[in-house]
Structure formats: structure tokens, C-alpha cells
Amino acid sequence: MDRQMYHYATVSKALQELAEKGFTTDFNLEEDRIKSRTEDFTVEHVYRYEGESDPGDEATVYGISSNNGEKGVFVAGAGAFGEKSAAKALHELTMQGRDS
């Protein structure tokens with residue numbers, strides 16, 4: 001499935017649209033699962049929020065699905081892309097999809 005990238009004025013709008021599409025699990029509560037089993041997940045949607053005046057307000061909202069059919073969201077703030085973070089793992093999954 002081709003991933004879709006959207007730009008919205010607010011994170012809450014992105015979360016609302018994903019919930020309407022069935023992405024209801026909060027994967028932020030399962031960050032360790034994402035980091036340890038990245039191959040079990042697919043990034044289906046990416047919503048990017050860019051703060052108007054403060055770069056610290058930037059966020060990325062991922063709509064992801066697991067190999068067992070679970071669909072949910074992961075919200076990453078601007079500082080969440082550390083070397084061993086779930087946000088970085090999801091970002092790398094997104095970039096892999098661009099190559100194909």
C-alpha cells in the first residue's frame with residue numbers, strides 16, 4: 001500500500017482523521033514493542049504538523065498497522081528521533097517504502 005503524507009494545522013485533526021479510518025490503538029504506550037519488533041509494523045499514513053513560529057512545536061503522526069491487523073497511531077515530537085527511538089524506527093520504515 002502506498003503511504004500517504006498529509007500536512008495539517010493541528011495534531012488533533014490528524015488523530016481525528018486516523019481514528020475515523022480505524023487507527024485507534026495508542027502505540028506510544030507500546031514504544032518498546034515497536035523498537036524491538038519493527039518488522040511487525042507497516043506505516044500506512046504520515047501526518048506532519050509544523051509549528052507556525054516555534055520549531056519545537058513540530059510533530060509527526062504515524063498511522064501504523066501491525067502484522068496481526070491492529071491499527072493505531074504513534075505521535076513523535078521534534079525531539080523524539082533519538083538513535084534508538086521508536087520514532088526513528090518508524091521514520092526508517094517510511095523511508096524504505098519510498099525506495100520501492
Please name the pair of heavy atoms, one in [X] and one in [Y], separated by the smallest distance, quoted to 0.1 Å.
| X | Y | result |
| --- | --- | --- |
| Phe23 | Gly72 | CD2-O, 3.3 Å |
| Val11 | Val75 | CG1-CG1, 4.3 Å |
| Thr24 | Ala19 | CG2-O, 4.3 Å |

Rounded to the nearest 0.5 Å, how far apart are [atom1] of [X] and [atom2] of [Y]?
| X | Y | atom1 | atom2 | value |
| --- | --- | --- | --- | --- |
| Lys21 | Leu18 | NZ | CG | 6.5 Å |
| Gln16 | Lys13 | CD | NZ | 5.0 Å |
| Thr60 | Phe74 | OG1 | CZ | 10.5 Å |
| Lys71 | Ile64 | NZ | CD1 | 12.0 Å |
| Glu30 | Glu70 | CD | CD | 5.5 Å |

**Study point:** Aromatic centroids of Tyr62 and Phe27 separated by under 6.0 Å
**Key:**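 So the answer is no for these two rings.
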
Exercise for review: Show your working on side chain to side chain contact (heavy atoms under 4.5 Å, CB included) between Ile34 and Glu31 and close with a plain yes or no.
Suggested key: CA-CA 5 Å; Ile34 293 171; Glu31 187 169 357; 5.6 Å; no

Check your understanding: Can you name the residues that form a salt bridge (Lys or Arg N to Asp or Glu O under 4.0 Å) with Asp40, not counting sequence neighbours?
Key ->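 For Asp40, the residues satisfying salt bridge (Lys or Arg N to Asp or Glu O under 4.0 Å) (neighbours in sequence not counted) are Arg37.
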
